[in-house]
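Residue numbers start from 1 in every chain, and the chains themselves are labelled A, B, ... in the order their sequence lines are given, proteins ahead of strands. It should be emphasised that the depicted structure is a prediction, and the values quoted were computed from it without experimental measurement.
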Number of protein chains: 2
Amino acid sequence: MTADQLSLTFSALADPTRRAILARLAGGEASVTELAAPFTMTLPAISKHLKVLERAKLISRGRDAQWRPCRLRAEPLQDAEEWIERYRLLWEERFDRLDDYLSEAQARGAKSQEDHHD
Amino acid sequence: MTADQLSLTFSALADPTRRAILARLAGGEASVTELAAPFTMTLPAISKHLKVLERAKLISRGRDAQWRPCRLRAEPLQDAEEWIERYRLLWEERFDRLDDYLSEAQARGAKSQEDHHD
DNA sequence: TGGTTAGTTAACCAATCGGTGAAATGAGTC
DNA sequence: GACTCATTTCACCGATTGGTTAACTAACCA
């Protein structure tokens with residue numbers, strides 16, 4: 001079942017190693033061994049992570065002699081960000097409306113109870 | 001290996017069923033059977049998805065007689081969004097600086113070559 | 001040509017994931 | 001108490017994931 005793009009993006013981002021790789025790449029292109037350096041795991045493991053990132057279109061890879069430089073691709077990041085923002089804002093809007101309702105209700109309540117003094 | 005919060009969030013978001021559930025919840029609270037209605041899968045499957053969302057703190061659940069109403073929690077969404085935005089912006093900045101460099105370089109080039117006419 | 005450096009592929013393993021059906025729990029209703 | 005509705009737990013399944021070691025490919029260097 002070839003997953004949809006958004007699922008590919010989020011599941012690629014779900015691994016801390018892959019997020020660290022992307023964080024590194026935000027600072028500029030890097031080779032596979034450069035990317036692998038900070039980690040204790042073996043090179044094939046990193047190679048697999050890079051394949052996941054590539055399949056998610058979060059990186060693209062060039063060829064420079066025996067090196068395969070990786071670079072970040074921001075487009076899927078933007079799509080993921082927009083998905084999150086959309087539903088987060090929808091939800092926060094609800095609270096704003098609720099706040100409005102509550103302050104109104106409180107105003108009404110205060111008015112109707114202003115002789116109770118309890 | 002209790003995964004970090006960001007990994008929990010992204011892997012919860014990596015499933016289209018769970019994203020649809022969150023999308024539904026952005027419109028307001030709902031019970032488990034209400035959430036399950038649009039899907040062909042069985043109720044235990046939905047129950048598992050909800051547990052994943054709950055563990056990721058993307059939803060919280062109340063109790064109303066035999067119903068367990070779910071509501072969206074926006075905080076982890078915000079954290080995830082901020083992570084993405086941060087690295088996306090870092091990367092896009094790089095292109096802006098590259099653009100600056102290229103236009104400067106072109107300006108210099110045009111100046112030094114202004115007698116070539118090719 | 002042979003050696004070194006960079007990276008990938010293949011085969012394997014344990015753990016997790018996303019689903020199932022069947023049984024158990026929990027809370028109102030007759 | 002018995003019946004029903006909402007939801008969870010259990011035991012299982014096949015597929016995927018994240019890692020390993022060992023072997024392979026590809027490009028440069030002497």
Original post:
Do you know the tightest heavy-atom contact between A:L35 and A:L50?
Top reply: CD1-CD2, 3.9 Å
Original post:
How many angstroms lie between OG1 in A:T9 and CG in A:D4, if you round to the nearest 0.5 Å?
Top reply: 8.5 Å
Original post:
If you check every side-chain atom of A:T17, which of D:dG19, D:dT8, C:dG7 has the closest atom?
Top reply: D:dG19
Original post:
Contact class for A:S11 (heavy atom, under 4.0 Å): base, sugar-phosphate, or nothing?
Top reply: nothing
Original post:
Between A:S60 and A:R73, does any side-chain donor sit less than 3.5 Å from a side-chain acceptor?
Top reply: yes
Original post:
Nearest-Å distance, CZ (A:R63) to C1' (D:dC28)?
Top reply: 12 Å
**OP:** Tell me whether the OP1 or OP2 atom of C:dG19 has a side-chain N or O from B:H49 closer than 4.0 Å.
**Re:** yes
Original post:
Between D:dG18 atom C1' and A:M41 atom CE, what is the distance in whole Å?
Top reply: 8 Å
Original post:
Start at the 5' end of DNA chain D and walk down; is the nucleotide closest to A:W67 or to A:R55 reached first?
Top reply: A:R55
**OP:** Measure the distance from CD1 on B:I21 to C1' on C:dG19 and round it to the nearest whole Å.
**Re:** 14 Å
Original post:
Taking for each residue the nucleotide of DNA chain C with the nearest heavy atom, is it A:Q66 or A:K48 whose nucleotide lies nearer the 5' end?
Top reply: A:Q66
Original post:
Taking CG from B:L43 and C1' from D:dC10, how many angstroms apart are they, rounded to a whole number?
Top reply: 15 Å
**OP:** Kindly give the heavy-atom pair with the smallest separation between B:L22 and B:L13, and that separation in Å.
**Re:** CD1-CD2, 3.5 Å
**OP:** Specify the separation, in whole Å, of atom CD1 of A:I46 and atom P of C:dA6.
**Re:** 15 Å
Original post:
Once you round it to whole Å, what is the distance between C1' of C:dG18 and CZ of A:F10?
Top reply: 19 Å
**OP:** Starting at atom CG of B:D64, determine the distance to atom P of D:dC5, rounded to an integer number of angstrom.
**Re:** 18 Å
Original post:
Which part of the nucleic acid, if any, lies within reach of B:A65 when heavy atoms closer than 4.0 Å are counted: base, sugar-phosphate only, or nothing?
Top reply: sugar-phosphate
Subject >> D:dT7 phosphate, OP1 or OP2, under 4.0 Å from B:S47 side-chain N/O >> reply: no
Original post:
Less than 6.0 Å separating the ring centroids of A:W83 and A:Y87?
Top reply: yes
**OP:** With heavy atoms under 4.0 Å as the rule, sort A:T42 into base, sugar-phosphate or nothing.
**Re:** base
**OP:** Rounded off to whole Å, could you give me the CZ-to-P distance for the B:R68 and C:dG28 pair?
**Re:** 13 Å
Original post:
For C:dG7, does either OP1 or OP2 sit under 4.0 Å from a side-chain N or O belonging to A:T33?
Top reply: yes
